[in-house]
Amino acid sequence: MLDCGFRPDDHIYPSAMKACGMLSWCEFGRSVHCLALKTGFDGDVFVGSSVVDMYAKCEEIRDARKVFDGMPVRNVVSWSGMICGYTQLGEDDEALRLFKQALWEDLDVNDFTFSSVIRVCGNSTLLELGKQIHGLCLKMGYDSSSFVGSSLVSLYSKCGVIEGAYQVFEEIPDRNLGMWNAMLIACAQHAHIRKAFDLFRQMESVRMKPNFITFLCVLYACSHAGLVEEGKHYFELMKVYGIEPGEQHYASMVDLLGRAGRLRDAIAIINEMPIKPTESVWGALLTGCRIHKDTELAVYAADRVFELGQVSSGMHVLLANAYAATGRYEEAGRARKVLRDRGVKKETGLSWVEQGNCVHTFAAGDRRHPKSDEIYRKLEELGEKMERAGYVADTSFVLREVGSDEKNQAIRYHSERLAIAFGLITFPPERPIRVMKNLRVCGDCHTAIKFMSNCTGRVIILRDNNRFHRFEDGKCSCGDYW
DNA sequence: CTAGGGTTAG
């Protein structure tokens, strides 16, 4: 067009920008942006908004912000684009700050804006803030949108309030695929397996066509319940719907079979894959190996990961832990040394609990919390009760070679226990204690928390890196399969 | 007379 001597106008620039953003063609986008500046279109709100979006999609958020700040006129699209840009990069704080500023400046936010900002709350498990924004949404009449609805379903689910997710789902009868998928994944995370299968049937009966994400959701549900046959059924069903299984579906199947102890079947799936197995596929196998203590196979899988030339810290930790779990501390140490030499950091285990507008975070053995003394006293006191009820600490989950006293100490103060104790001394008895953790809960803590729920009569909801555990009356919703 | 920019689910 330019070669033919035509000049782009205020309609053409946004389209060109959109294309650059979708392709992540940052440099090309920058040139078009320059041309818009030179030809005097930079003051146009459509052009400006599209430039903001283009830079945000190219992960050049600072350039996006520079353009945003320089816009003479901004509207709801410009604000939403900027907020959404921050959410896509995981800059949750900045997204929320901007949203607040938009409200402060009396700008009308709409369903686009709400959907983005609710997602932020979900990602950061900010239940209280999320609820407030949900309320605002109702007040402003944006609560019937499927986009807002799926963000809300996901928010409540991620924050451990599955009832809230169901309620939002029921209240929005006009559901699109994203909303069904959000509800499905919520069921999977909370181990409401029959409900997940029900939903899938309902989708079929209302002729909502599942997509590749839908199948990831149901496979995930099967994996969490150890339902191998059902998983195979859905995997086969993909063909009927004409959906080619991707890397993630294979990883899911390997995860399902591996967790269920069918490690040979898992290997068979990998061998039959028409595409090259990726790190996540081998990672799923490693997880199965760890659970079922098959160190030989774990080493084999780890070797394959090394061949891919990729290093992610989780992968090395899996290998190191596989060695340690069978008492081969020397090799575990060697694996850790590889981690250190390559500068890979193991993620610190953290647990957090939300109270009002605060998030209280704990690490294992942490004494930094102002209420530390009270928390540890609570754990001591509760520990005695638990032991009288039959709890015995299982120190095989301590993955370091230390004396048994030290092991006992290490395991008593894992981060989730500190967070739960904080909840016990802070929240009224009828309120469930919701704790989030970034790593997998260890077997001993899982047992201990069952005793805790029994000895205190409290409902404890713990999210680990993978799923939710709901402890009540000495039992866990995962049925001890996780 | 028409036309352009921003969202969800893993």
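Naming convention: chains lettered A, B, ... in sequence-line order (proteins, then strands); numbering from 1 in each chain.
- Regarding A:F112, its CZ atom lies at a distance of 8 Å from the P atom of B:dG6, rounded to whole Å.
- Rounded to an integer number of Å, the gap from A:H11 NE2 to B:dT2 C1' is 9 Å.
- Side chain A:N110 to base B:dG6: a donor-acceptor pair is found below 3.5 Å.
- With sequence neighbours left out, A:R194 forms a salt bridge (Lys or Arg N to Asp or Glu O under 4.0 Å) with no residue at all.
- Among the atoms of the strands shown, base atoms are found under 4.0 Å from some heavy atom of A:N75.
- Summarising the geometry, the separation between OH on A:Y220 and C1' on B:dA9 is reported as 13 Å, rounded to the nearest angstrom.
- Taken residue by residue, residues 35-58 of chain A places heavy atoms nearer than 4.0 Å to DNA chain B at A:D44, A:V45, A:F46, A:S49, A:D53, A:K57.
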Let me have the donor-acceptor pairs involving side chains of residues 93-103 of chain A, under 3.5 Å, with sequence neighbours excluded, atom names and distances please.
{"unit_1": "A:E94", "atom_1": "OE1", "unit_2": "A:R97", "atom_2": "NH1", "d": "2.6"}
{"unit_1": "A:E94", "atom_1": "OE2", "unit_2": "A:R65", "atom_2": "NH1", "d": "3.1"}
{"unit_1": "A:Q101", "atom_1": "NE2", "unit_2": "A:E105", "atom_2": "OE2", "d": "3.2"}

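- Within 4.0 Å of A:I185, counting heavy atoms only, lie sugar-phosphate atoms of the nucleic acid but no base atom.
- Relative to the side chain of A:F147, the nucleotides B:dT7, B:dG5, B:dG4 differ in distance, and B:dT7 lies closest.
- Between the side chain of A:R467 and the main chain of A:W482, no donor-acceptor pair closer than 3.5 Å is present.
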Atom pairs and distances, donor-acceptor, side-chain atoms in residues 112-122 of chain A, under 3.5 Å, two or more places apart:
{"unit_1": "A:T113", "atom_1": "OG1", "unit_2": "A:S80", "atom_2": "OG", "d": "3.0"}
{"unit_1": "A:T113", "atom_1": "OG1", "unit_2": "A:N110", "atom_2": "N", "d": "3.0"}
{"unit_1": "A:T113", "atom_1": "OG1", "unit_2": "A:N110", "atom_2": "O", "d": "3.3"}
{"unit_1": "A:T113", "atom_1": "OG1", "unit_2": "A:N110", "atom_2": "OD1", "d": "3.1"}
{"unit_1": "A:S116", "atom_1": "OG", "unit_2": "A:F112", "atom_2": "O", "d": "3.3"}
{"unit_1": "A:R119", "atom_1": "NH2", "unit_2": "A:T87", "atom_2": "OG1", "d": "3.4"}

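- For A:S154, counting side-chain heavy atoms from C-beta on, the closest listed nucleotide (B:dT7, B:dG6, B:dA9) is B:dA9.
- Checked against side-chain contact (heavy atoms from CB on, under 4.5 Å), A:L219 has the following partners two or more places apart in sequence or in another chain: A:Y234, A:F235, A:H249, A:S252, A:M253.
- Within the structure, side chain to side chain donor-acceptor pair (under 3.5 Å) contacts touching residues 3-21 of chain A (residues at least two apart or in different chains) are A:Y13-A:T39.
- Applying the side-chain contact (heavy atoms from CB on, under 4.5 Å) criterion to A:A16, with sequence neighbours excluded, gives A:V32.
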Please table the atom pairs, donor to acceptor, closer than 3.5 Å between any side-chain atom in residues 20-29 of chain A and protein atoms at least two apart or in another chain.
none

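- A heavy atom lying under 4.0 Å from DNA chain B marks the following residues of residues 231-258 of chain A, by number: A:Q248.
- For A:N181 and B:dT7, the CG to P distance is 19 Å, given to the nearest whole Å.
- Distance A:I83 CD1 to B:dT8 P: 13 Å, rounded to the nearest Å.
- Rounding to whole angstrom units, OH of residue A:Y86 and P of B:dT7 are separated by 16 Å.
- Across the protein-nucleic acid pair, A:I172 atom CD1 and B:dT8 atom P stand 16 Å apart, rounded to whole Å.
- For the OP1/OP2 pair of B:dT7 and a distance below 4.0 Å, the side-chain nitrogens and oxygens of A:Q88 include at least one atom meeting the criterion.
- If you check B:dG6, B:dT8, B:dG10 against the side chain of A:S150, the one that comes closest is B:dT8.
- Formation of a donor-acceptor pair under 3.5 Å by the A:Q189 side chain with backbone atoms of A:S157 is not found in this model.
- The side-chain contact (heavy atoms from CB on, under 4.5 Å) search around A:K57 returns A:D53, not counting sequence neighbours.
- No hydrogens or angles considered: nothing links the side chains of A:S280 and A:Q248 as a donor-acceptor pair under 3.5 Å.
- Take A:F46 and apply the ring pair (Phe, Tyr, Trp, His ring centres under 6.0 Å) test, not counting sequence neighbours, and it matches no residue.
- Remark: C1' of B:dG10 and CE of A:M183 are 15 Å apart, rounded to the nearest angstrom.
- Annotation: proximity of residues 119-139 of chain A to DNA chain B (heavy atom, distance under 4.0 Å) is found for A:R119, numbered in ascending order.
- Residue A:G178 is in base contact, counting any heavy-atom pair closer than 4.0 Å across all strands shown.
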